[in-house]
Amino acid sequence: MENLIRIEINDSSLLVKKGTKVSEIITKLNLDGKPLGVKINGELYDLDFVLNDSVKIDLIFPDSEDGLEILRHSTAHLMAQAVLQLFPGTKTGIGPPVENGFYYDFYRDKPFTPEDLEKIEKRMRKLSKEDIPIKKIILSKKEAIEIFREKGQDLKVELIEEKGGDEVTCYQQGDFIDFCLGPHLTSTSQIKYFKILSSSGAYWRGDEKGLRLQRIYGTAFFKKEDLDNYLHSIEEAKKRDHRKLGPELDLFSINEEIGAGLILWHPKGAIIRKLIEDFWKEEHLKNGYELVYTPHIARLDLWRQSGHTQFYEAMYPPMKIDEVEYEIKPMNCPFHIMIYKSRQRSYRDLPLRWAELGTVYRFERSGVLHGLLRVRGFTQDDAHIFCSSEQLGSEITNVIKLTLKILKTFGFKEYEIYLSTRPEKFVGDLKDWEKATNALENSLKKMELNYKIDPGEGVFYGPKIDIKIKDALGRAWQCTTIQLDFNLPSRFNLTFIGKDGALHRPFMIHRAILGSLERFFGILIEHYKGNFPVWLAPIQVIILPITEKTNDYALKIEDSLKKYGIRCETDLRNEKISYKIRDAEKNKIPYMVIVGEREKKEGNISLRVHTIGDKGKMELEKFIEMVINLDKNKSLEYII
RNA sequence: GCCAGUGUAGCUCAGAGGUAGAGCAACUGAUUCGUAAUCAGUAGGUCGAGGGUUCGAAUCCCUCCGCUGGCUCCA
């Protein structure tokens, strides 16, 4: 009996001998089509996989994400084969599948030019047509190292030496062999619909001081239609890129003469910011926060005491004022701490929740700047909570609740939550770390939120929860962050007098919900594709007289709307109505109120709604009521 | 910061050693029009900045600045 294992596969369960290959089981099943591989315990394997334990097997077919992963991994190999044929002497690094595609890293003296990439793609098509079988081969570690050393593939030798067991798995297709666990397709002819997308620099093993490699990115699909759709979707996403929409809609700009990573908020962007800030302040006041304001600079000594000068790399050089060194702030925390320290605190005062829209400046390396999403000057929607050990759990839960409410109001439903735990280098004692990490995790569990654990990714001073939201091109950006801090309270010797009359150290939670107004605005522009909901739209209504004869009526309507605080304008230009409509649609104004002789005579309006179209005649009062309602409720809809 | 690409009118782009171009937007005029572009005219540029090669540079070379993709995904 001990030679038998139980295999769960395809809704059935069967007993097989130890050492059975997956493929032997599969031939016994009546399947439509052949699977590409299997997934066991979350790992992908090919059909040669030998079963030695009782496990559950998931079959991988082409129409799945896992199937695509196998295809893309094989396409990466195909690309490496093409590169080695065209550019002999190139050394191969690693070539994994990634979200939406794959890449392969190469080392070569000369960089790949765009023409080289075209040649590589052409060669890949040729190799695909040649229908080269892809075979798995098992070698001893010694053999494998010899083979790759002979081929001059030093990087592979390094990897095999480090990661290879006694037996080393390789995949071979024609003249190309790669050290790889697989799984892979069985022939290059199965790789048909692919495209090389871009190249870039990369460091060997992600080490900035290490070897500089060239990375080539590509993608692949099983169907031509899917590839075309993907390429089309990239083009579409570029149209709602905030860096394109922002200047187009006159929301913000970045001026080279002012400096990289510094944002100019134009009037239309500024009104949106104001509305976001008002909402943010209201919510915080409702939730027991108090507002504070702090300066933009402080003496360098303050940053020495906080530890920023030693630990924080993004500081600007200090400036001298009256022989004393001052530093522009990269964070708000030391200021809030000084407010805490401005008097003796008692357990009766706690929790203290201090919020500030605090503008900070950080030196970000030039290559990482990115529109509104990564800048050098930005305003954090910051707050610091000082609380006792007993209050920690409920404070964290309340921060998460507030976060979810705010994100929901803006219409965000998709985001990723991460819990980052203790890194190797850390300050504070283990008990506190454990308590705080548990408090964070318990809050997530209590609220039944899906989250991933980022082991060791916490900051040196404490564990944290991050919420990331994706931009138009699918890149995730950290917005919300909830961090515990074991560093500053002790560095500044924060205390409160407990019930017992003794001094205790408060817990400190550092949190930002939107992250920064700049980044959040960028994400928001892309989230709405520039079609802001009524409550945020810089201009909510534009009144379009059909000819000059109804200009007076249009202006009367503008007056009426303005009385109710509705943000509106009238297009008095001497243009045809279709021209004015086109302009208003391009400016993504929610409502177009069209008035001609008919409306003037009947005393009503014609309404056209952005992205929806002509809604016909309407009473002015009804329209006003609708707009006010949607505005007040922060509705994401344009019509009721 | 590093690798590669890129920078011409407000925007989208053409020009690739020999006098800076188009469309849209802007401005002026005509047209008075019913749901995504009426017609005509006018104006707009140290070709990112600085240096060099040349009789002559937007174009070739160098330096700097900005922007774009990537530098996290691990055989």
Side-chain angles (χ1 to χ4, degrees), chain A residues 69 73 76-77 92-105 110-114 116-117 144 148 153 155-165 168-171 178-182 197-210 212-217 238 241 243-244 247-248 250 253-261 313 363-371 454 457 473 475-476 544-551 573-587 592-599 606-611 613-616:
Chain A
E69 195 176 313
H73 197 174
H77 279 211
T92 54
I94 58 164
V98 291
E99 201 180 349
N100 296 324
F102 63 87
Y103 68 78
Y104 214 116
D105 283 345
K110 280 191 198 162
F112 292 113
T113 63
D116 291 340
L117 299 185
F148 284 97
Q153 292 296 351
L155 302 178
K156 287 290 173 193
V157 171
E158 197 181 317
L159 289 173
I160 296 168
E161 277 173 345
E162 184 186 307
K163 301 197 176 184
V168 166
T169 313
C170 291
Y171 278 80
D178 204 350
F179 168 52
C180 179
L181 268 180
L197 295 173
S198 63
S199 68
S200 77
Y203 300 102
W204 175 234
R205 302 174 160 230
D207 178 5
E208 228 174 63
K209 288 169 200 136
R212 286 178 182 83
L213 306 178
Q214 297 178 63
R215 178 169 295 180
I216 304 178
Y217 282 89
K238 281 182 186 160
D241 190 317
R243 293 167 300 182
K244 188 170 166 59
E248 241 171 53
D250 201 15
S253 64
I254 302 170
N255 187 313
E256 196 184 325
E257 292 175 68
I258 291 171
E313 288 174 4
F363 172 72
E364 298 288 352
R365 298 201 286 182
S366 62
V368 305
L369 298 174
H370 186 98
D454 245 348
E457 285 303 304
L473 287 164
R475 294 170 292 210
L544 309 176
I546 286 176
T547 70
E548 284 170 356
K549 289 174 194 161
T550 44
N551 277 0
R573 290 177 302 176
N574 180 8
E575 295 290 350
K576 281 169 72 170
I577 191 65
S578 50
Y579 182 92
K580 294 182 186 179
I581 287 173
R582 184 182 144 84
D583 214 44
E585 291 279 6
K586 273 172 64 185
N587 285 316
M592 286 152 272
V593 164
I594 295 160
V595 289
E597 300 282 13
R598 285 208 294 271
E599 288 76 10
S606 272
L607 179 65
R608 184 187 164 103
V609 181
H610 175 54
T611 73
D614 188 4
K615 296 303 288 178

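So you know, we letter chains A, B, ... as the sequences are listed, proteins then strands, and number each from 1.
B:rG23 sits 36 Å from B:rG70 when the P atoms are compared, rounded to a whole Å. B:rG5 and B:rU63 are spaced 14 Å apart, taking the P atom of each and rounding to whole Å. On the P atoms, B:rG41 is 12 Å away from B:rC24, given to the nearest whole Å. With both ends at atom P, the span from B:rU6 to B:rG10 equals 23 Å, rounded to whole Å. Using atom C1' as the reference point in both B:rU8 and B:rU59, the two lie 11 Å apart (nearest Å). Taking atom C1' on both B:rA37 and B:rA25, the two are 12 Å apart, rounded to the nearest angstrom. Atom P of B:rG21 sits at a distance of 13 Å from the matching atom of B:rA43, rounded to the whole Å. For B:rU12 and B:rG17, the C1' atoms lie 27 Å apart once the distance is rounded to whole Å.
Pairing partner, B:rA16: none, since no Watson-Crick or wobble contact has both distances short of 3.5 Å. B:rU53: no Watson-Crick or G-U partner with both key distances under 3.5 Å is found in any strand. Pair assignment for B:rG23 gives B:rC11, based on Watson-Crick or G-U wobble hydrogen-bonding distances that are each under 3.5 Å. Partner assigned to B:rA58 is none, using Watson-Crick or G-U wobble distances below 3.5 angstrom. Figure legend. B:rA36 is base-paired to no nucleotide; pairs are counted as Watson-Crick or G-U wobble with both atom distances under 3.5 Å. Pair check for B:rC47 finds none; no Watson-Crick or G-U wobble contact set falls under 3.5 Å. Pairing for B:rG69 is with B:rC3, a Watson-Crick or G-U wobble pair whose two hydrogen-bonding atom distances lie under 3.5 Å.
What separates CD of A:Glu585 from P of B:rA37 is a distance of 11 Å, to the nearest Å. Atoms CG (A:Leu155) and C1' (B:rC74) sit 13 Å apart, rounded to a whole Å. In this structure, NZ of A:Lys586 is placed 16 Å from C1' of B:rU35, rounded to the nearest angstrom. To the nearest angstrom, C1' of B:rC74 lies 12 Å from NE2 of A:His77. Between the OH atom of A:Tyr217 and the P atom of B:rU68 there is a distance of 17 Å, given to the nearest Å. To the nearest angstrom, P of B:rU28 lies 12 Å from CD of A:Glu575. For the pair A:Tyr104 OH and B:rC73 P, the interatomic distance rounds to 15 Å; values are reported in whole Å. Atom P of nucleotide B:rG10 and atom CG of A:Asp583 are separated by 19 Å, given to the nearest angstrom.
In the set B:rU32, B:rC73, B:rA26, B:rA26 carries the atom at the smallest distance from any side-chain atom of A:Arg573. Residue A:Ile546 has its side chain nearest to B:rG34 when only B:rA36, B:rC73, B:rG34 are considered. Checking B:rU32, B:rC73, B:rG34 against every side-chain atom of A:Ile577, the shortest atom distance belongs to B:rG34. Taking every side-chain heavy atom of A:Ser606 into account, B:rU35 is the closest of B:rU35, B:rC73, B:rA36. Taking the side chain of A:Lys549 as heavy atoms from C-beta on, and the options B:rU32, B:rG34, B:rU38, the nearest nucleotide is B:rU32.
Contact annotation for A:Lys580: no contact, since no heavy-atom pair falls under 4.0 Å across all strands. As judged by a 4.0 angstrom heavy-atom cut-off over every strand, A:Glu248 is placed among residues making no nucleic acid contact. Looking at heavy-atom distances under 4.0 Å, A:Arg598 makes contact with a base. If you check every strand for non-hydrogen atoms under 4.0 Å, A:Lys576 touches a base. Note on A:Glu597: a base of the nucleic acid sits closer than 4.0 angstrom, heavy atoms only. The residue A:Arg215 sits close only to the backbone: its heavy atoms come under 4.0 Å of sugar-phosphate atoms, none of a base. Using a 4.0 Å heavy-atom cutoff across all strands shown, A:Glu158 reaches no nucleic acid atom at all.
One finds a side-chain N or O of A:Arg475 lying less than 4.0 angstrom from the OP1 or OP2 phosphate oxygen of B:rG69. Listed pair A:Tyr579 / B:rA25 meets the phosphate criterion, a side-chain N or O lying under 4.0 Å from OP1 or OP2. A close approach under 4.0 Å does not occur between any side-chain nitrogen or oxygen of A:Arg582 and OP1 or OP2 of B:rU35. Contact annotation: A:Arg205 does not reach the phosphate of B:rC71 (side-chain N/O to OP1 or OP2, under 4.0 Å). Considering only side-chain N and O atoms, A:His370 lies under 4.0 angstrom from the phosphate OP1 or OP2 of B:rG69.
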Can you build the contact string for nucleotides 1-8 of chain B? Use B for base contact, S for sugar-phosphate-only contact, and - for no protein heavy atom under 4.0 Å.
BBBS----
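Contacts of A:His610 classified as ring-ring contact (aromatic ring centres under 6.0 Å, His included), with partners at least two apart in sequence or in another chain: none. Every residue was checked against the ring-ring contact (aromatic ring centres under 6.0 Å, His included) condition with A:Phe102, not counting sequence neighbours, and none meets it. Annotation: side chain to side chain contact (heavy atoms under 4.5 Å, CB included) contacts of A:Glu599 (sequence neighbours excluded): A:Tyr553, A:Val595, A:Asn604, A:Ser606. Among residues two or more places apart in sequence or in another chain, the side chain to side chain contact (heavy atoms under 4.5 Å, CB included) test is passed with A:Leu213 by A:Asp105, A:Tyr107, A:Leu155, A:Trp204, A:Leu211. With sequence neighbours excluded, the residues that form a side chain to side chain donor-acceptor pair (under 3.5 Å) with A:Asp116 are A:Thr113.
In this structure, A:Arg205 pairs ionically with A:Glu162, as a charged nitrogen and a carboxylate oxygen lie closer than 4.0 Å.
For the pair A:Leu369 and A:Gly95, nearest-nucleotide mapping onto RNA chain B gives the more 5' position to A:Leu369. Checking A:Gly259 against A:Val98, the closest nucleotide of RNA chain B that is more toward the 5' end is the one next to A:Gly259.
Residues A:Lys586 and A:Glu248 have side chains not in contact (no heavy-atom distance under 4.5 Å, counting atoms from C-beta outward).
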Kindly determine whether A:Glu575 and A:Asp583 satisfy side chain to side chain contact (heavy atoms under 4.5 Å, CB included), including the steps that lead there.
CA-CA 11 Å; A:Glu575 295 290 350; A:Asp583 214 44; over 6 Å; no
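When every heavy atom of A:Ile254 is checked against every heavy atom of A:Gly371, the shortest pair comes out as CD1-O, 3.9 Å. Across every non-hydrogen atom of A:Glu585 and A:Val609, the tightest pair is OE2-O, 4.3 Å.
When each of A:Pro111, A:Ser199, A:Ser200 is tested with A:Gln214 by the rule side-chain contact (heavy atoms from CB on, under 4.5 Å), just one qualifies, namely A:Pro111.
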